[in-house]
**Q** 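This is the structure I have questions about; it appears just below.
Please read all numbers here as calculations on a predicted model, not as lab measurements. For the single chain, residues carry numbers from 1 onward in sequence order.
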Amino acid sequence: MASELRFRSIWISDLHLGTAGCQADYLLDFLKHTESEQLYLVGDIIDGWAMQRSWYWQQSHNDVIQKILRKARKGTQVTYIPGNHDAGARQFIGLLFGDIRIENEVIHTMANGKRFLVIHGDQFDGVIQCARWLAMVGDHAYEITLKLNRWFNHLRARCGFSYWSLSQYLKHKVKKAVHFVDNFEQALANEAKKRGLDGVICGHIHHAEIRTIDGIEYCNDGDWVESLSALVEMPNGELKIIYWQKKYAEAHAEISKLYTSNSANSFITACPSANAKPTTSH
């Protein structure tokens, strides 16, 4: 059996390299065992906000960057769409970094002909646009929550349990956070509809999801701090969310089912997210 999972396109965002919260080892494992014609880096790849406060950079963070560059050199079409945490890269929009194209947003055409807006999404976050200082305060509080999350999962690992995001769980229990997510998703869907597109793909809010909003397919690829997720396009244009909360070696038996059943659902089941929500209509 081949060691790679092959897709037409892959979207990942909110890696937050340069922070202790980045799950770089899981991300590197994902990149090593997946291949695609197109790879989209949908913002917040390097966390400039956190690195202004203190320097944190591990070898695994270097390895992630090198792996992405290697994919680009070997023929994967890599597109980098900066977000708010790496907004400094927006001054280079329209240029090439090595073999990586830097864009503010792109229109992606699926294998089935559907057209999707691909954008980080911070442009539709009122807090980011109107009160950046408040966003910075919230970011610092979020970082504290992630530290608690790391300690919590360290204890889980010692007890033989798998990764589970405490921070995601807490966010889903806070009504204001849920309301913010709904407003954000609606705003992105409205923008895609206004442009006459079939859907939108974004990141920013660390909440992986695929759902239909007013006839528009809203897709969020999640993050590599909490949910450890990616959005993938199958050869027929179908979109799936993959959770990589187990390493490839740990989930090898379950991944084998992907090839025997010829269905991505096998792998999605193999790496479940405690925070995943079923696809719903809105």
**Q** Name all residues meeting the ring-ring contact (aromatic ring centres under 6.0 Å, His included) criterion together with Phe116; count only those two or more places apart in sequence or in a different chain, and write none if there are none.
**A**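 Residues passing ring-ring contact (aromatic ring centres under 6.0 Å, His included) with Phe116: none at all.
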
**Q** When you compare the side chain of Val106 with that of Ile81, does any pair of heavy atoms fall below 4.5 Å?
**A**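 Yes, close enough: below the 4.5 Å cut-off.
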
**Q** Please find the pair of heavy atoms, one from Ala230 and one from Ile10, that lie closest to each other, and give the distance.
**A**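 Minimum heavy-atom contact is CB-CG2, 4.4 Å.
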
**Q** Which atoms form the tightest heavy-atom contact between Ile216 and Leu197, and what is the distance?
**A**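 Where Ile216 meets Leu197 most closely, the heavy atoms are CD1-O, 3.4 Å.
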
**Q** Rounded at 0.5 Å granularity, tell me how far CE in Met110 sits from CG in Asp198.
**A** 9.0 Å

**Q** Do the non-hydrogen side-chain atoms of Ile45 and Tyr80 ever get within less than 4.5 Å of each other?
**A**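 Yes. Closest side-chain heavy atoms under 4.5 Å.
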
**Q** Could you see if Leu96 belongs to whatever hydrophobic cluster contains Ile102? Use Ile, Leu, Val, Met, Phe, Trp, Tyr and a side-chain cutoff under 4.5 Å.
**A**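 No, Leu96 and Ile102 fall in different hydrophobic clusters.
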
**Q** Looking only at heavy atoms, which two atoms of Val200 and Ala192 are closest? And how far apart?
**A**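 It is CB-CB, 4.1 Å.
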
**Q** Report the relative orientation of the aromatic rings in Phe30 and Trp224; use parallel for angles under 30°, tilted for 30 to 60°, perpendicular for over 60°.
**A**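 Tilted.
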
**Q** Sequence neighbours left out, what passes side chain to side chain contact (heavy atoms under 4.5 Å, CB included) with Gln58? Give chain and number order.
**A**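 Partners of Gln58 under the side chain to side chain contact (heavy atoms under 4.5 Å, CB included) test: Tyr56, Ser60, His61.
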
**Q** Show me, pair by pair, the donor-acceptor contacts under 3.5 angstrom made by side chains of residues 87-94, not counting sequence neighbours?
**A**
residue : atom : partner : partner atom : Å
Arg90   : NH1  : Asp122  : OD2          : 3.2
Arg90   : NH2  : Pro82   : O            : 3.1
Arg90   : NH2  : Asp122  : OD1          : 2.7
Arg90   : NH2  : Asp122  : OD2          : 3.3
Gln91   : NE2  : Gly88   : O            : 2.9

**Q** Scan for salt bridge (Lys or Arg N to Asp or Glu O under 4.0 Å) pairs involving residues 7-29, sequence neighbours excluded, and state none if there are none.
**A** Arg8-Glu233

**Q** My understanding is that only residues two or more places apart in sequence, or in another chain, count here; which of them pass side-chain hydrogen bond (donor to acceptor under 3.5 Å, both in side chains) with Asn112?
**A**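 None.
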
**Q** Report yes if the side chains of Phe124 and Ile119 come closer than 4.5 Å at any heavy-atom pair, otherwise no.
**A** yes

**Q** According to a 4.5 Å side-chain heavy-atom criterion applied to Ile, Leu, Val, Met, Phe, Trp and Tyr, with indirect links allowed, do Phe7 and Ile12 form part of one hydrophobic cluster?
**A**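 Yes: a chain of side-chain contacts under 4.5 Å links Phe7 to Ile12.
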
**Q** Which value, rounded to the nearest 0.5 Å, describes the distance between Glu209 atom CD and Ser229 atom OG?
**A** 11.5 Å

**Q** Assess, by modelled atom type and distance only, whether the side chains of His120 and Asn84 contain a donor and an acceptor separated by less than 3.5 Å.
**A** yes

**Q** For residues 69-76, tabulate all N or O donor-acceptor pairs below 3.5 Å that involve a side-chain atom, not counting sequence neighbours.
**A**
residue : atom : partner : partner atom : Å
Lys71   : NZ   : Leu31   : O            : 3.0
Lys71   : NZ   : Thr34   : O            : 2.7
Thr76   : OG1  : Ser36   : O            : 3.3

**Q** Taking atom types as modelled, find out whether His206 and His16 have a side-chain donor-acceptor pair closer than 3.5 angstrom.
**A** yes

**Q** Mind checking what makes side-chain hydrogen bond (donor to acceptor under 3.5 Å, both in side chains) contact with Asn104, not counting sequence neighbours?
**A**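 None.
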
**Q** Side chains of Leu239 and Val232: does their closest heavy-atom pair fall under 4.5 Å?
**A**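 No, their side chains stay 4.5 Å or more apart.
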
**Q** Determine whether Leu188 and Ile107 fall in the same hydrophobic cluster, where Ile, Leu, Val, Met, Phe, Trp and Tyr are linked whenever their side-chain heavy atoms lie under 4.5 Å apart.
**A** yes

**Q** Could you check Gln59, Gln66, Lys67 and say which one makes a side chain to side chain donor-acceptor pair (under 3.5 Å) with Asp63?
**A** Gln59

**Q** Side-chain contact, heavy-atom cut-off 4.5 Å: Ile65 with Leu17?
**A**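 Yes, side chains in contact.
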
**Q** If you look at every heavy atom in Pro235 and Ala111, which pair is closest and at what distance?
**A** O-CB, 3.2 Å

**Q** For Ser13, enumerate each residue passing the side chain to side chain contact (heavy atoms under 4.5 Å, CB included) test, keeping only those at least two apart in sequence or located in another chain.
**A** Val42, Asp221

**Q** First locate atom NZ of Lys193, then atom CG of Leu117, and finally report the distance between them rounded to the nearest 0.5 Å.
**A**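 Reported value, rounded in 0.5 Å steps: 15.5 Å.
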
**Q** Is the Phe184-His204 ring centre distance short of 6.0 angstrom?
**A**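 For Phe184 and His204, the ring centres are under 6.0 Å apart.
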
**Q** Taking C-beta and beyond as the side chain, do Leu39 and Gln77 meet within less than 4.5 Å on heavy atoms?
**A**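 Leu39 vs Gln77: side chains apart.
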
**Q** Would you verify whether the NZ or CZ of Lys247 falls within 45 degrees of the ring axis of Tyr26 while also being under 6.0 Å from that six-membered ring's centre?
**A** yes

**Q** Kindly state each residue pair satisfying salt bridge (Lys or Arg N to Asp or Glu O under 4.0 Å) with at least one member in residues 92-116, sequence neighbours excluded.
**A** Arg101-Glu103, Glu105-Arg195, Lys114-Glu217

**Q** Please report the interatomic distance CG(Leu15) to CD1(Ile46), rounded to the nearest 0.5 Å.
**A** 9.0 Å

**Q** Is there a side chain to side chain contact (heavy atoms under 4.5 Å, CB included) between His108 and Gln38? Walk through the geometry before answering.
**A** CA-CA 10 Å; His108 174 83; Gln38 300 177 84; 3.3 Å; yes

**Q** What distance separates Arg211 CZ from Cys219 SG, expressed to the nearest 0.5 Å?
**A**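 If I round to the nearest 0.5 Å, the distance is 11.0 Å.
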
**Q** Take Ile210 and Leu231 through the test side chain to side chain contact (heavy atoms under 4.5 Å, CB included) and record every step on the way to the result.
**A** CA-CA 9 Å; Ile210 299 175; Leu231 183 73; 3.7 Å; yes

**Q** Of all residues at least two apart in sequence or in a different chain, which pass the salt bridge (charged side-chain N to carboxylate O under 4.0 Å, His left out) check with Glu238?
**A**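 In terms of salt bridge (charged side-chain N to carboxylate O under 4.0 Å, His left out), with neighbours along the sequence ignored, Glu238 is linked to Lys240.
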
**Q** Can you see whether Gln186 engages Asn190 through a side-chain donor-acceptor pair at a distance of less than 3.5 angstrom?
**A** yes

**Q** Does one side chain, of His85 or Asp47, offer a donor that lies under 3.5 Å from an acceptor on the other?
**A**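 The criterion, which ignores hydrogens and geometry beyond distance, is satisfied for Asp47 and His85.
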
**Q** Taking atom CG of Leu5 and atom NE2 of His33, what is their separation to the nearest 0.5 Å?
**A**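 So the CG of Leu5 and the NE2 of His33 are separated by 8.5 Å.
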
**Q** Kindly give the heavy-atom pair with the smallest separation between Ile241 and Ala208, and that separation in Å.
**A** CD1-C, 3.8 Å

